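Keep in mind that this is a model prediction, so the values were computed, not measured. Because only heavy atoms are used, hydrogens play no part in the values below, and waters and symmetry mates are left out as well, while side chains stay in.
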Amino acid sequence: MYDSDNEVTFVVLTSPINSQPASYGKKNGMWYASPSNQGWGAAAKAERRKSSIIEADVSPSGAAGAGLKASAGRVIRIINNLDHTVQVSEDCEAQSGCRVLLNLRTSQPFEEVVEDLGQVLKMTGAKKMYTGSGQEVRSFSQLRNEFADMDTFYLSPGGNPGTTPASPERRSRSRAGMVAPVVADEPPKGTIRQRARSKSRPRVLYAPENEIVRSNQEYTIVDALKEEPTKVVIKGLRRTFYPPIHHPSIDNSPPDKKLQIHWVHGYRGIDARRNLWVLPSGELLYYVAAVAVLLDREEEAQRHYTGHTEDIMCMDIHPSRELVASGQRGGRDRKSQAHVRIWSTESLQTLYVFGMGELDRGVTSVAFSQLNGGSYVLAVDAGRESILSVWQWQWGHLLGKVATLQEGLSGACFHPLDDNLIITHGRGHLAFWHRRKDGFFERTDIIKNPSRTHITSIQFEPDGDVVTADSDGFITIYSVDADGAYFVRMEFEAHTKGISCLVMLSEGTLLSGGEKDRKIIAWDSLQNYKRITETKLQESAGGVRTIYPQRPGRNDGNIYVGTTRNNILEGSLQRRFNQVVFGHGRQLWGLAAHPDDDIFATAGHDKNICLWRKQKLLWTSQVAYECISLAFHPFGSALAAGSSEGHLLIMNSDNGASMLTLRVCGSPLNCIGYNLAGDMIAIGSQNGSIYLFRVSRDGYSYKKVNKIRGAQPLTHLDWSIDGVYLQTVTTDFDLLFWDVKSLSPEKSPMAMKDVKWATFNCTVGYVVAGVWNNRYYSSNSTIISTGSRATGQDMLISGDADGYLRLFRYPCITPKAEYSEAKVYSGTLACARFLCGDRMVPLWPPAWFHTAASDHSPSPPYKNLEHRRSTVSSTFESDTSCLNGFTGVTPSSRGAIPRWAHDDSPDEQTVAAGGNPDSEEDGVEYAVMLPDAFAVLDVT
């Protein structure tokens with residue numbers, strides 16, 4: 001056999017004399033090996049059947065190819081995967097395998113050819129052939145087409161797998177230093193020429209054997225070579241993700257830890273009415289999403305009722321104030337149908353459930369009867385007919401129902417002096433319903449159609465007269481005449497615009513709250529509703545949504561107020577109001593976890609950026625833009641926020657002071673993230689481009705490097721550990737890779753499969769493929785909207801479009817992976833992140849999902865700030881290859897600024913703290929709708 005040292009142009013394996021010849025063309029127990037020095041022509045005459053491998057000594061003149069077409073034969077190199085040192089002849093001493101000329105048009109089965117090749121390498125029972133990247137070769141067609149550019153293949157027995165061959169290193173973009181393959185001189189005329197490679201076919205590059213870094217840890221061939229790419233169907237499109245050479249073993253068992261709500265932040269005051277009560281224990285009762293919250297102010301603790309499977313739409317408290325009735329909206333499956341639950345405020349146990357199958361889309365109103373001790377419960381369906389039903393809840397009996405046929409129904413309640421009289425109110429609607437013994441209802445309309453008046457709230461005087469408030473700011477009192485008919489006894493204007501709530505106190509004082517004018521006014525019902533006093537809430541608090549006395553039955557004047565900006569205040573009309581519960585006033589988008597401390601930041605469309613430590617609000621800062629993404633600097637000193645108008649804001653994380661604002665582009669900045677060193681920030685925008693800025697002065701100085709142009713809007717972003725690559729997810733759930741050094745997209749997913757990522761917030765990829773199309777999901781069309789890997793790299797959290805939060809083991813590769821889940825919302829979960837130490841998961845849900853927004857979670861925590869800086873500095877001083885031409889970085893001590901070789905380019909932009917932003921470019925407009933509350937969960 002001729003090797004590369006003799007500079008031959010065509011290499012053919014010659015069967016060694018001291019080894020058993022391979023069964024080339026074996027038939028009926030006879031051998032048809034070609035005689036020596038007779039070429040392919042004599043071999044073809046030996047038998048009608050074509051042999052797969054020709055055994056002949058060939059001279060460099062190329063006479064061996066005289067009888068074989070160029071498309072029929074190929075030279076490949078075969079290696080024994082069990083032992084790379086096996087040598088079969090002196091001709092193979094310079095190689096860890098042998099070269100053979102393979103006849104691709106043989107009629108012999110491919111499996112027999114693989115077995116014959118194994119005999120050449122002294123292997124017993126060779127069954128499988130693999131490429132250097134671990135892909136199995138199963139046919140001649142693959143050798144001729146898919147693997148036409150590969151010349152080295154590994155043989156392995158099927159029953160006794162051995163260790164895998166070391167994976168070749170991925171070739172970098174720079175071809176300098178690579179060992180070139182052996183290139184032969186121009187073959188003489190008549191010699192078989194190798195077919196030219198198609199330019200459209202990707203080339204797989206390998207490192208030379210002497211440059212391969214081999215691991216001491218052994219991996220079985222089943223774990224690596226036999227592992228195939230994972231294919232996931234997302235929104236009807238199949239996406240392929242390639243496995244890394246080495247990754248943790250697959251464990252489909254559920255995680256050891258469970259999810260438990262620790263704290264719910266915020267209050268649902270933006271779109272809900274009559275949703276705040278005080279229990280006999282002094283706890284505040286209100287609901288957010290699918291959770292009923294019981295807040296103990298003295299103990300600074302919360303309890304949670306989580307029996308609902310969809311969002312709570314209404315709630316009422318029993319006359320004993322020990323039971324609660326709550327109704328939920330209807331879901332997609334049978335388990336989440338609209339129904340009403342009766343549960344205990346002491347034990348948080350569900351006592352009764354009724355309405356399954358009877359209620360349609362949801363429950364817009366629920367109320368207990370008053371006179372008979374709360375034995376009856378009414379429920380109003382959210383369907384088109386707005387069906388009113390009355391239940392005896394202890395037995396689950398339906399006493400009667402009627403279709404109100406009223407759109408925009410706001411509420412319903414029992415009359416306090418008659419359990420068979422029900423009052424409904426809403427847009428242009430106020431009606432009395434008298435339930436007869438046979439279950440039928442008699443209707444009396446107080447407001448005649450058509451009417452634009454919207455009755456927003458209703459209360460009762462001690463003698464049974466009805467007091468109503470409407471959207472025009474008027475309060476109306478209805479009395480009953482001698483014939484039992486209701487008439488308007490009094491009407492007066494109480495507020496400039498709409499009134500959101502009315503509360504009748506025990507001493508006869510009526511409190512009214514204005515939604516627009518933010519006023520709370522006290523009226524004396526015993527003196528013909530004379531105005532007593534009034535107060536006005538601050539503009540930052542919002543308008544009045546609901547009012548409830550702090551100590552029901554006492555005349556101390558202290559009240560709780562729920563506002564339209566999702567805050568709960570406490571105070572009285574004689575003194576100022578203090579904040580009890582803070583919530584974002586509008587849509588909530590941004591979330592970031594601190595790298596070294598158990599704190600996190602939130603931001604939303606209310607232009608507030610807040611910093612939290614578990615349940616405590618550390619600071620809040622009002623900014624000029626709506627922020628939709630957040631990221632902490634790795635040192636924890638600075639907080640970066642991306643706005644919906646393309647601005648980057650830098651805040652001091654200690655006190656919330658605004659340090660810097662600069663214009664990046666005209667599109668929303670959906671995702672931002674720092675690299676581990678903290679000297680570069682990447683910003684993913686709605687226009688599909690990634691903007692890169694150099695960072696110095698502990699995150700307070702920024703200099704624009706360049707941008708990498710893209711076409712699809714970006715939603716999630718992760719940095720590689722070495723800071724050279726980025727991976728992003730688009731709104732179409734495509735996984736894209738970016739080379740920061742060359743400022744270009746990386747178009748080969750296969751080449752990126754072994755890159756190590758500092759975080760994994762992207763929702764698609766090989767190591768998170770199991771969260772898609774999971775066999776245990778109730779729906780086959782579940783869309784994953786957010787995900788995050790724990791810093792310990794042992795857990796994975798994901799949230800979907802149905803409001804489910806799930807905890808998996810990491811990696812989560814197969815759809816058979818089991819999980820622990822919690823249902824916290826009926827809509828799409830926008831973001832979920834692990835806090836420092838992987839103890840908690842803050843999250844919040846969006847009401848409508850237009851595109852996902854994600855934030856970069858920093859690296860695992862260091863001992864302290866100086867330890868982090870010294871570690872980062874030593875890492876980047878020892879390896880400067882990732883800096884892409886940057887000449888060096890000074891150690892990152894406090895106040896030190898990294899020095900770059902080409903910082904003076906005129907097209908770069910440098911902005912430090914206090915600088916002024918410049919306009920860059922315009923982009924696509926973008927809008928989303930989100931809610932206003934979020935929760936912190938314990939992972940226990």
Of all pairs that satisfy salt bridge (Lys or Arg N to Asp or Glu O under 4.0 Å), the ones with a partner from [range], not counting sequence neighbours:
| range | answer |
| --- | --- |
| residues 371-398 | none |
| residues 314-325 | Arg274-Asp316 |
| residues 484-496 | Glu461-Arg489, Asp465-Arg489 |
| residues 517-532 | Lys519-Glu534, Arg531-Glu534 |

Next item on the list: Kindly indicate, with the supporting measurements, whether the criterion side-chain contact (heavy atoms from CB on, under 4.5 Å) is fulfilled by Thr535 and Phe577.
Entry: CA-CA 10 Å; Thr535 187; Phe577 283 88; 3.7 Å; yes
Checking [X] now: which residues fulfil side-chain hydrogen bond (donor to acceptor under 3.5 Å, both in side chains) with it, not counting sequence neighbours?
| X | value |
| --- | --- |
| Thr468 | none |
| Thr345 | none |
| Thr309 | Gln328 |
| Ser410 | His454 |

Next item on the list: Taking the six-membered ring for Trp and the single ring otherwise, decide whether the centroids of Tyr286 and Tyr548 are under 6.0 Å apart.
Entry: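 Aromatic pair excluded; centres sit 6.0 Å or further apart.
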Check: Are the aromatic rings of Phe354 and Trp391 close, with centres under 6.0 Å apart?
Finding: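 Centroid separation for Phe354 and Trp391: below 6.0 Å.
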Margin query: Would you call the rings of His308 and Tyr305 parallel, tilted or perpendicular, taking 30° and 60° as the class edges?
Written below: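 Perpendicular: the ring planes of His308 and Tyr305 meet at over 60°.
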Next item on the list: Describe, in one word, how the ring planes of His318 and Phe368 are oriented to each other, choosing from parallel (under 30°), tilted (30 to 60°) and perpendicular (over 60°).
Entry: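 Ring orientation of His318 relative to Phe368: perpendicular.
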Check: Atom OG1 in Thr424, atom CD1 in Ile422: separation rounded to 0.5 Å?
Finding: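 These two atoms lie 9.0 Å from each other.
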Is [X] salt-bridged to [Y], cutoff N-O under 4.0 Å?
| X | Y | result |
| --- | --- | --- |
| Asp800 | Arg806 | yes |
| Arg435 | Glu442 | no |
| Asp333 | Lys335 | no |
| Glu515 | Arg545 | yes |
| Glu570 | Arg575 | yes |

Item checked: Sequence-distant partners of Arg554, salt bridge (Lys or Arg N to Asp or Glu O under 4.0 Å), two or more places apart ->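 Residues passing salt bridge (Lys or Arg N to Asp or Glu O under 4.0 Å) with Arg554: none at all.
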Check: With Asp483, which residues qualify under salt bridge (Lys or Arg N to Asp or Glu O under 4.0 Å), at least two apart?
Finding: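 In terms of salt bridge (Lys or Arg N to Asp or Glu O under 4.0 Å), with neighbours along the sequence ignored, Asp483 is linked to no residue.
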Please examine the side chains of [Y] and [X], heavy atoms only from C-beta on, and report whether any two atoms are closer than 4.5 Å.
| X | Y | answer |
| --- | --- | --- |
| His304 | Ile261 | yes |
| Ile270 | Thr564 | no |
| Ser457 | Ile499 | no |
| Leu295 | Leu285 | no |
| Leu569 | Asn578 | no |
| Ser525 | Met504 | yes |

Checklist line | ring pair (Phe, Tyr, Trp, His ring centres under 6.0 Å): pairs with one or both residues in residues 398-440, sequence neighbours excluded | finding: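 Every ring pair (Phe, Tyr, Trp, His ring centres under 6.0 Å) pair that includes a residue of residues 398-440, provided the two are not neighbours, is His415-Phe460, Phe432-Tyr486.
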Margin query: For Lys823 and Glu310: C-alpha separation, side-chain torsions, deciding distance, then whether salt bridge (charged side-chain N to carboxylate O under 4.0 Å, His left out) applies.
Written below: CA-CA 8 Å; Lys823 181 64 181 286; Glu310 296 291 338; 2.9 Å; yes
Note to self: Let's go through Val503 and Leu510 carefully: what are the C-alpha distance in whole Å and the side-chain angles of both, what is the deciding distance for side-chain contact (heavy atoms from CB on, under 4.5 Å) to 0.1 Å, and is it a yes or a no?
What the structure shows: CA-CA 6 Å; Val503 175; Leu510 178 69; 5.9 Å; no
Next item on the list: Report the C-alpha distance between Asn555 and Ser506 in whole Å, list the side-chain angles of each, state the deciding distance to 0.1 Å, and finish with yes or no for side-chain hydrogen bond (donor to acceptor under 3.5 Å, both in side chains).
Entry: CA-CA 8 Å; Asn555 301 327; Ser506 58; 3.1 Å; yes
Margin query: Suppose the criterion is side-chain hydrogen bond (donor to acceptor under 3.5 Å, both in side chains): which pairs have a residue in residues 354-363, not counting sequence neighbours?
Written below: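 Checked against side-chain hydrogen bond (donor to acceptor under 3.5 Å, both in side chains) - neighbours excluded - the pairs reaching residues 354-363 are Glu358-Lys401.
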Notebook entry, point to check: Does a side chain donor of either Ser512 or Trp523 reach within less than 3.5 Å of an acceptor in the other side chain?
Noted result: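 A pair is found: one side chain offers a donor N or O, the other an acceptor, under 3.5 Å apart.
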Check: Going through the distances and angles, do Ile387 and Thr404 end up as a side-chain contact (heavy atoms from CB on, under 4.5 Å)?
Finding: CA-CA 6 Å; Ile387 297 177; Thr404 65; over 6 Å; no
